[in-house]
Student: 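Once you've had a glance at the structure underneath, I'll fire off some questions.
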Number of protein chains: 2
Amino acid sequence: MDEVAGAIADPVRRAILTMLRDSRLPAGEIADRFQISRPAVSRHLRVLRESGLVRDELVGRRRFYVLAPERFAELVEWLTPFVQPSGLEHRLDALETEVYRTRRERRTRGPAARAQENTA
Amino acid sequence: MDEVAGAIADPVRRAILTMLRDSRLPAGEIADRFQISRPAVSRHLRVLRESGLVRDELVGRRRFYVLAPERFAELVEWLTPFVQPSGLEHRLDALETEVYRTRRERRTRGPAARAQENTA
DNA sequence: CGGAAGCGTAACCTACAAGTTACGCTTTCG
DNA sequence: CGAAAGCGTAACTTGTAGGTTACGCTTCCG
């Protein structure tokens with residue numbers, strides 16, 4: 001829990017997580033999107049890995065990073081009691097949005113399409 | 001947003017927030033519950049204040065701290081897209097729990113009771 | 001087989017977060 | 001009015017997070 005909160009506290013790591021929301025990415029491609037050096041990004045990736053927020057998949061000489069959604073829920077559940085009752089509406093809206101997004105993506109790219117992406 | 005995430009990353013500050021969930025507290029009483037020195041706690045309180053997660057209310061020579069729920073929602077909304085679809089159930093459960101908790105508290109202590117507490 | 005591609009790690013530097021002690025400003029009250 | 005209560009702030013110390021460069025290990029491919 002402490003690790004998760006700490007991991008999310010850094011803006012670079014939050015940006016990485018946002019990138020991975022769209023698709024899995026190899027370490028090099030992630031590093032290219034930042035101004036900081038590749039080793040610096042590599043360590044951010046390690047922090048994310050150790051916090052359990054991402055997994056890595058080795059493919060040849062590349063290492064792909066993938067979101068590991070499980071741990072996110074912890075933090076959300078910790079935060080829930082603090083959200084003001086009037087904020088519940090917004091949260092339900094967000095939930096709804098998310099449900100639609102998930103459905104749309106499942107239509108767009110089925111499980112089969114997943115094997116095709118990121119093979120450049 | 002960065003401030004909020006950073007504020008929550010610290011275990012002491014999370015503990016303070018949890019305390020304030022039950023009732024508002026004066027700075028001294030908060031400090032007493034930790035092993036670290038009072039000035040240290042005082043700075044944690046400042047961080048929380050500047051991040052907008054808490055407000056302070058001056059009463060005589062005491063300074064009470066109160067939760068300011070608004071900012072919490074930001075973080076929750078940022079996290080929402082990452083929570084796995086199967087996690088939605090858990091989140092809805094948490095929501096339900098929270099709703100009941102809120103209702104129970106509103107029954108137990110009405111708005112009138114609020115003026116009575118923490119007047120020791 | 002040898003060089004390049006792709007990453008991680010080690011060693012080092014620097015800035016900052018978080019702790020401590022000392023101090024000063026209001027407010028309360030005998 | 002003066003002392004104590006209640007907090008915040010300043011100044012200082014120290015561990016660690018995050019950046020850089022240098023290096024080494026696999027994997028791919030001409």
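Proteins come first, then strands; the chains are lettered A, B, ... in the order of their sequence lines, and each starts at number 1. Every value quoted in this text rests on a predicted model; they were computed, and no experiment measured them.
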Student: C:dC7, OP1 or OP2 - any side-chain N/O from A:Ser42 closer than 4.0 Å?
Tutor: no
Student: Per the atom types in the model, does the base of D:dG18 pair as donor or acceptor with the side chain of A:Arg43 at under 3.5 Å?
Tutor: yes
Student: For A:Ile36 and D:dT20, what is the distance between atoms CD1 and P respectively, to the nearest whole Å?
Tutor: 6 Å
Student: Please state whether the phosphate of D:dG6, meaning OP1 or OP2, lies under 4.0 angstrom from any side-chain nitrogen or oxygen of B:Tyr65.
Tutor: no
Student: Between P on C:dC7 and CG on A:Asp32, what's the gap in Å once rounded to a whole number?
Tutor: 9 Å
Student: Between C:dT20, D:dT20, C:dG6, spot the one nearest the side chain of A:Ser37, thanks.
Tutor: D:dT20
Student: If I take atom CZ in residue A:Arg49 and atom P in nucleotide C:dG8, what distance separates them, rounded to the nearest angstrom?
Tutor: 6 Å
Student: Grab the CG-C1' distance between A:Asp10 and C:dA17 for me, whole Å please.
Tutor: 14 Å
Student: Both conditions, 6.0 Å and 45 degrees, for the charged tip of A:Arg21 above the ring of B:Phe82: are they met here?
Tutor: yes
Student: When you compare the side chain of B:Phe72 with that of B:Glu70, does any pair of heavy atoms fall below 4.5 Å?
Tutor: no
Student: Could you check how far CG of B:Leu58 sits from P of D:dG8, rounded to whole Å?
Tutor: 8 Å
Student: For A:His44 and A:Arg61, find the nucleotide of DNA chain D closest to each by heavy atoms; which residue's nucleotide sits nearer the 5' end?
Tutor: A:His44
Student: Which nucleotide wins on minimum distance to the side chain of B:Arg13, given the candidates C:dA18, D:dG8, D:dA22?
Tutor: C:dA18
Student: Please figure out whether B:Pro39 or B:Val47 has its closest DNA chain C nucleotide nearer the 5' end.
Tutor: B:Val47
Student: Check whether the side chain of B:Arg38 and the base of D:dG8 form a donor-acceptor pair under 3.5 Å.
Tutor: yes
Student: Please walk me through it: do B:Asp32 and B:Arg38 pass salt bridge (Lys or Arg N to Asp or Glu O under 4.0 Å)?
Tutor: CA-CA 8 Å; B:Asp32 287 344; B:Arg38 193 183 52 69; over 6 Å; no
Student: How long is the span from the CZ atom in A:Arg43 to the OG atom in A:Ser37, to the nearest 0.5 Å?
Tutor: 9.0 Å
Student: Whole angstrom is fine here: how far is it from CZ in B:Arg62 over to C1' in D:dG8?
Tutor: 17 Å
Student: Give one of base, sugar-phosphate or nothing for A:Ala40, where a contact means two heavy atoms less than 4.0 Å apart.
Tutor: base
Student: Find the distance A:Leu48:CG to C:dC7:C1' and express it as a whole number of Å.
Tutor: 16 Å
Student: In whole angstroms, how far is the P atom of D:dG18 from the CZ atom of A:Phe34?
Tutor: 13 Å
Student: Using the side-chain hydrogen bond (donor to acceptor under 3.5 Å, both in side chains) rule, pick out the option among B:Arg55, B:Arg49, B:Arg24, B:Glu29 that qualifies with B:Tyr65.
Tutor: B:Arg49
